[in-house]
Amino acid sequence: MKTRATLIGFTAILMWALLALFTAASGTMPPFQLSAICFLIGSLPGIVVLLARPERMRLLRQPAKVWITGILGLFGYHFLYFTALRNAPAVEASLIAYLWPLLIVTGSALLPGERLKWNHILGTLLGLGGTALIVGRNGVSFDSAYLVGYGAAFLCAFTWAGYSLATRRFEAVSTDVVTGFCIATSILSLLCHLALETTVWPQSGSEWLAVAGLGLLPVGAAFYAWDFGVKNGDIQILGAASYSAPLLSTLVLILSGFAEPSLSIGIACLLVTGGAMLAAKDMIFRKAASSPA
């Protein structure tokens with residue numbers, strides 16, 4: 001069960017790898033407007049399930065702390081990430097924001113039944129190094145003029161790590177509740193859009209398809225898969241494996257013609273892959289030992 005849940009959680013990372021491609025293909029829609037539409041689309045599969053099986057509606061009746069954690073996690077992360085990108089260069093902001101896998105792995109030691117091992121830490125640090133090579137392959141330069149953006153990026157990392165770790169503590173809470181988190185995030189994003197942005201609609205059918213793809217996969221199904229994975233799978237392996245998201249995203253952009261291959265990407269591939277395998281070595285050996293000869 002734990003291995004299966006971990007693999008389901010990893011599908012979220014695979015879907016997040018499509019985030020940059022779909023965003024690049026979605027046109028010039030402002031971020032909060034895009035977030036409002038995508039999270040609304042992302043809530044639709046859950047709504048369909050609840051309408052088809054109305055008895056599951058009772059699973060939405062959860063304590064306030066569950067709702068606060070979920071809404072702060074999904075909306076808070078995106079609000080802080082957009083704020084970081086508005087107030088700091090994208091490379092540096094993204095690199096800081098991608099501290100969240102490291103925070104998940106180290107913070108998991110505080111969870112009941114979890115024990116932090118050397119391979120988890122080393123594997124995650126290798127992943128961080130690979131991510132630094134990818135995100136900063138054209139140079140990194142931190143400037144004190146962007147402290148507000150850097151601060152928002154740090155809070156962004158802590159927000160997602162905190163949400164993921166807290167979700168593990170709510171393992172008895174059904175993943176159906178993610179539907180409510182998506183709806184609430186859509187509404188809050190819409191309010192931010194109306195207050196801060198000018199509405200821009202997609203200009204072509206391909207842009208609308210990209211928006212739909214965002215809502216169905218990286219800003220939709222990925223959150224359901226991640227919720228299930230961190231509640232029932234190996235959160236330390238998922239944290240370390242999360243560093244593969246920017247690598248996979250870059251590879252997808254290269255294959256799609258949006259980016260060029262480079263030596264740094266090849267080295268990053270080795271670091272991230274090696275780090276993820278090192279972090280997951282216990283599960284790999286355990287799986288091999290349990291297989292029939």
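Along the sequence shown, residues are numbered consecutively beginning with 1.
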*Would you confirm whether Arg56, through its side chain, and Leu50, through its main-chain N or O, come within 3.5 Å as a donor-acceptor pair?*
no
*Ser186 side chain near Ile183 side chain, heavy-atom distance below 4.5 Å*: no
*Find the distance between OH (Tyr224) and OG1 (Thr11) and round it off to the nearest 0.5 Å.*
13.5 Å
*asked:* Hydrophobic cluster membership, with links at side-chain heavy-atom distances under 4.5 Å among I/L/V/M/F/W/Y: are Val177 and Met57 in one?
replied: yes
*asked:* So Phe154 and Leu99, do their side chains get closer than 4.5 Å, heavy atoms only?
replied: yes
*Other hydrophobic cluster members with Ile68, side-chain heavy atoms of Ile/Leu/Val/Met/Phe/Trp/Tyr under 4.5 Å, chained?*
Leu72
*May I ask you to test the Ser164-Trp160 pair for a side-chain heavy-atom distance under 4.5 Å?*
yes
*Could you tell me the separation between the CD atom of Gln62 and the OG1 atom of Thr69, rounded to the nearest 0.5 Å?*
11.5 Å
*Linking directly or through intermediates, with side-chain heavy atoms under 4.5 Å: list the remaining ILVMFWY members grouped with Val148, chain and number order.*
none
_On a heavy-atom basis, which atom in Ser204 and which in Ser206 lie closest, and how many Å separate them?_
OG-OG, 3.0 Å
*Kindly give the heavy-atom pair with the smallest separation between Ala161 and Ile104, and that separation in Å.*
CA-CG1, 3.7 Å
*asked:* If you compare all heavy atoms of Ala88 against all heavy atoms of Gly149, which two are closest, and at what distance to 0.1 Å?
replied: CB-CA, 3.7 Å
_Is it the case that the ring center of Trp100 lies less than 6.0 angstrom away from the ring center of Tyr77?_
no
_Measuring only between side-chain heavy atoms, which start at C-beta, is Leu128 closer than 4.5 Å to Thr124?_
no
*asked:* Within the supplied structure, the quantity of interest is the number of heavy atoms (other residues, nucleotides, ligands) at a distance under 6.0 Å from Phe170 CZ; does it exceed 12?
replied: yes
_For Val200 against Pro30, the heavy-atom pair lying closest together_ = CB-CD, 3.8 Å
*Atom CG in Asn232, atom OG1 in Thr3: separation rounded to 0.5 Å?*
12.0 Å
*asked:* Donor-acceptor check, side chain of Lys231 to backbone of Arg169, threshold 3.5 angstrom: yes or no?
replied: no
*Is it the case that one hydrophobic cluster holds both Trp201 and Phe32, taking links as side-chain heavy atoms less than 4.5 Å apart, direct or via other members?*
yes
_Interatomic spacing from CD1 in Ile235 to OG1 in Thr167 - rounded to 0.5 Å_ = 8.0 Å
Enumerate donor-acceptor pairs with a distance under 3.5 Å from any side-chain N or O in residues 12-28 to protein atoms, sequence neighbours excluded.
from	atom 1	to	atom 2	distance (Å)
Trp16	NE1	Pro218	O	3.1
Thr23	OG1	Leu19	O	2.6
Ser26	OG	Thr23	O	2.7

*asked:* To the closest 0.5 Å, what do you measure between CD1 (Ile8) and CG (Asp227)?
replied: 11.5 Å
*Is it true that Val178 and Leu60 fall in one hydrophobic cluster, defined by side-chain heavy atoms closer than 4.5 Å?*
yes
*So, do Leu111 and Leu165 sit near enough that their side-chain heavy atoms are less than 4.5 Å apart?*
yes
_I want to check something: taking the side chain as every heavy atom from C-beta on, are Leu188 and Ile71 in contact at a cut-off of under 4.5 Å?_
yes
*What residue pairs, at least two apart or across chains, pass side chain to side chain donor-acceptor pair (under 3.5 Å) with a residue in residues 187-196?*
Ser35-Ser189, His193-Glu197, His193-Thr199
_side-chain contact (heavy atoms from CB on, under 4.5 Å) evaluation trace for Val211 with Ile37_ = CA-CA 8 Å; Val211 172; Ile37 293 174; 3.8 Å; yes
*What's the shortest heavy-atom distance between Cys192 and Phe75, and which atoms?*
SG-CZ, 3.6 Å
*Residues clustering with Leu190 (ILVMFWY side chains joined when closer than 4.5 Å, directly or via others)*: Leu194
*From CG (Asp234) to CG (Leu7), nearest 0.5 Å*: 11.0 Å
*Can you find a pair of side-chain heavy atoms, one from Arg4 and one from Phe228, that are under 4.5 Å apart?*
yes
_For Ala212 against Ile41, the heavy-atom pair lying closest together_ = CA-CD1, 4.0 Å
*Any donor and acceptor pair, going by atom type alone, linking the side chain of Gln33 with main-chain N or O of Met29 inside 3.5 Å?*
no
_Any Ser108 side-chain heavy atom under 4.5 Å of Arg168 side chain_ = no
*ILVMFWY cluster, Leu59 and Val66 together (side-chain gap under 4.5 Å)*: no
Acceptor/donor pairs from residues 78-85 side chains to any protein atom, 3.5 angstrom cut, sequence neighbours excluded:
from	atom 1	to	atom 2	distance (Å)
His78	ND1	Leu74	O	2.6
Tyr81	OH	Ser94	OG	3.4
Thr83	OG1	Phe79	O	2.7

*Give a yes or no on whether the ring-centroid distance for Phe223 and Trp226 is below 6.0 angstrom.*
no
